[in-house]
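What you see is a predicted model; the values in this text were computed from it and never measured. Order of appearance sets the numbers: ligands from 1, and atoms from 1 within every ligand. The figures that follow rest on heavy atoms only: side chains count, while hydrogens, waters and symmetry mates do not. Note that the numbering runs from 1 along the sequence shown for the chain.
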Amino acid sequence: MTSTTITLNNGVEMPALGLGVFLTPAGQTADAVSTAIGNGYRLIDTAAAYMNERAVGDGIRASGLDRDELFVTTKLWPGQYGDQAVHGFAASLDRLGLEHVDLYLLHWPVPTAFDATVKAYRAMDEMRAEGRVRTIGVCNFLPHRLQRLEEETGLVPALNQIELNPYYTQPATRAANAERGIFTQAWAPIGGTYQRNQDAVTNGAASPLEHPLITSLAQKYGKTPAQVVIRWHLDHGLSAIPKSVHAKRIGENFDVFDFSLAPEEIAEIDTLDTGVRAGGDPETFTAYSYLTDIDAQ
Ligand code: NDP
């Protein structure tokens with residue numbers, strides 16, 4: 001089975017469905033990655049901050065797959081914005097054991113130091129021009145941040161990776177991405193690893209995977225709730241990078257290319273939006289300031 005492919009605004013092709021490894025312990029990452037590749041995944045999403053880039057590289061090599069058949073994403077951590085960006089990238093490549101990455105992303109905007117954010121993006125564009133990165137983009141950029149980045153650099157990211165699942169559908173940011181030709185990729189695609197607060201819960205179901213609409217569609221299609229939610233992303237033309245450390249779930253999350261949802265079912269799932277994030281708010285999130293020793297891995 002193979003994932004559908006998306007063409008980004010610079011012509012680079014990217015698989016729509018991939019494996020995320022946030023909170024995958026380094027000791028389990030190589031297995032998760034090689035299991036995913038064995039199941040047909042060709043997109044792996046990691047980050048310097050996930051502390052598992054070395055293990056991602058090990059998993060890729062263990063899979064035996066040719067590097068050119070894979071699409072590898074990693075991310076620059078805010079602690080290395082500004083002058084540290086080139087070093088941060090070289091360290092990621094070194095840990096991964098790769099000569100290039102397919103997609104390099106700014107992990108978060110830093111509203112209190114947006115100049116450093118912009119400077120890092122310019123540095124990433126130079127890495128792209130040198131051929132060490134095929135594509136560059138951002139994560140967690142709200143529309144006004146995309147606008148400012150474009151005004152200051154003249155650059156339009158290929159992709160914006162944002163929190164996105166049936167409980168938090170981000171219509172405004174998706175529309176702003178689409179207007180600029182920026183592709184939307186969903187993190188926390190099946191509900192994420194963060195505990196949702198009461199405002200972010202609907203119909204008593206703490207996770208979209210437990211919502212009666214999703215479970216009834218799962219029953220209808222003979223699929224699992226996770227597969228229905230992943231299909232919702234794909235049927236919207238989005239990219240999703242679900243994470244799991246379990247071989248069975250890794251396989252399950254990729255086994256979604258033999259069915260699709262009806263337009264009215266997609267629209268019904270859209271109505272589950274609570275408008276409330278479970279993860280960090282890009283305008284106030286500062287948790288990245290605690291992870292200062294990114295090189296000590
Ligand atoms: P996901 O929506 O992928 O959810 C992961 C959780 O769902 C884990 O607890 C996992 O548990 C569980 N799970 C996985 N498969 C199934 C299944 N079939 N049935 C039931 N439960 C399942 O959330 P993430 O936060 O991990 O987001 C995905 C990826 O997005 C990350 O791994 C990372 O690569 C990226 N990301 C990017 C961010 C950014 O700021 N750019 C922020 C956060 C994430 P288990 O592992 O035990 O199976």
Is any N or O atom of [X], backbone or side chain, closer than 3.5 Å to an N or O atom of ligand 1?
X      : value
Ala226 : no
Cys139 : no
Lys75  : no
Ile190 : yes
Phe22  : yes

Of the backbone atoms (N, CA, C, O) and the side-chain heavy atoms from C-beta on, which set of Asn140 has a member under 4.0 Å from an atom of ligand 1: side chain, backbone, both, or neither?
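For Asn140, only side-chain atoms sit under 4.0 Å from ligand 1.
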
Could you tell me whether Glu252 approaches ligand 1 through its side chain, its backbone, both or neither, with non-hydrogen atoms closer than 4.0 Å?
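Contact part for Glu252 vs ligand 1: side chain (C-beta onward).
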
side-chain hydrogen bond (donor to acceptor under 3.5 Å, both in side chains) between Trp232 and Asp270, intermediate numbers included
CA-CA 9 Å; Trp232 172 80; Asp270 290 350; 2.9 Å; yes

Run the side-chain hydrogen bond (donor to acceptor under 3.5 Å, both in side chains) check on Glu53 and Ser92 step by step: do they pass?
CA-CA 7 Å; Glu53 288 176 306; Ser92 275; 2.7 Å; yes

Within-4.5 Å side-chain heavy-atom neighbours: Ile214 and Ile269
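Yes; the side chains approach each other to less than 4.5 Å.
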
Do Val138 and Arg145 come within less than 4.5 Å of each other through their side chains, counting heavy atoms only?
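A side-chain contact under 4.5 Å is absent here.
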
Residue, atom name and distance, where the atom is the protein heavy atom closest to [atom]:
atom                    : value
atom 27 (O) of ligand 1 : Ala188 N, 3.0 Å
atom 23 (O) of ligand 1 : Gly192 CA, 3.1 Å
atom 42 (C) of ligand 1 : Trp187 CD2, 3.2 Å
atom 22 (C) of ligand 1 : Arg249 NH1, 3.5 Å
atom 14 (C) of ligand 1 : Lys243 O, 3.0 Å
atom 15 (N) of ligand 1 : Asn253 ND2, 3.0 Å
atom 28 (C) of ligand 1 : Ile241 O, 3.1 Å

For the pair [X] and [Y], find out whether any cationic side-chain nitrogen is under 4.0 Å from an anionic carboxylate oxygen.
X      : Y      : answer
Asp115 : Arg148 : yes
Asp102 : Arg67  : yes
Asp255 : Lys223 : yes

Would you please test Arg122 and Asp125 for salt bridge (charged side-chain N to carboxylate O under 4.0 Å, His left out) and show each step?
CA-CA 5 Å; Arg122 282 208 186 90; Asp125 191 51; over 6 Å; no

Does Arg128 count as lying over the ring of Tyr104, i.e. NZ or CZ under 6.0 Å from the six-ring centre, within 45 degrees of the axis?
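No, Arg128 does not sit over the ring of Tyr104.
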
At less than 4.0 angstrom from any non-hydrogen atom of [X], what atoms of ligand 1 do you find?
X      : value
Gln161 : 35 (C), 36 (N), 37 (C), 38 (C), 39 (C), 41 (N)
Asp45  : 33 (C), 34 (O), 35 (C)
Leu209 : 20 (C), 21 (N)
His246 : 45 (P), 47 (O), 48 (O)
Trp108 : 40 (O)
Thr193 : 5 (C), 6 (C), 8 (C), 9 (O), 25 (O)
Tyr50  : 33 (C), 34 (O), 35 (C), 36 (N), 37 (C), 38 (C), 44 (C)
Val21  : 32 (O), 34 (O)

Examine ligand 1 and decide if any of its atoms is less than 4.0 Å from a heavy atom belonging to Pro189.
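It does, in that a heavy atom of Pro189 comes within the 4.0 Å cut-off of ligand 1.
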
Working note: Lys220 + Glu265, criterion salt bridge (charged side-chain N to carboxylate O under 4.0 Å, His left out); need CA distance, chi angles, decisive distance, verdict.
CA-CA 11 Å; Lys220 171 180 168 183; Glu265 292 167 342; 2.5 Å; yes

Please answer: with hydrophobic residues joined when any side-chain heavy atoms are less than 4.5 Å apart, are Leu209 and Phe259 in the same cluster?
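Yes.
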
Residues Asp83, Lys119; criterion salt bridge (charged side-chain N to carboxylate O under 4.0 Å, His left out); working and verdict:
CA-CA 8 Å; Asp83 294 335; Lys119 193 167 179 183; 2.7 Å; yes

If you look at every heavy atom in Gln297 and Arg54, which pair is closest and at what distance?
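So the two residues come closest at O-NH2, 2.9 Å.
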
Where is the tightest heavy-atom contact between Val110 and Thr117, given as atom of each residue plus distance?
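Taking every non-hydrogen atom into account, N-OG1, 3.2 Å.
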
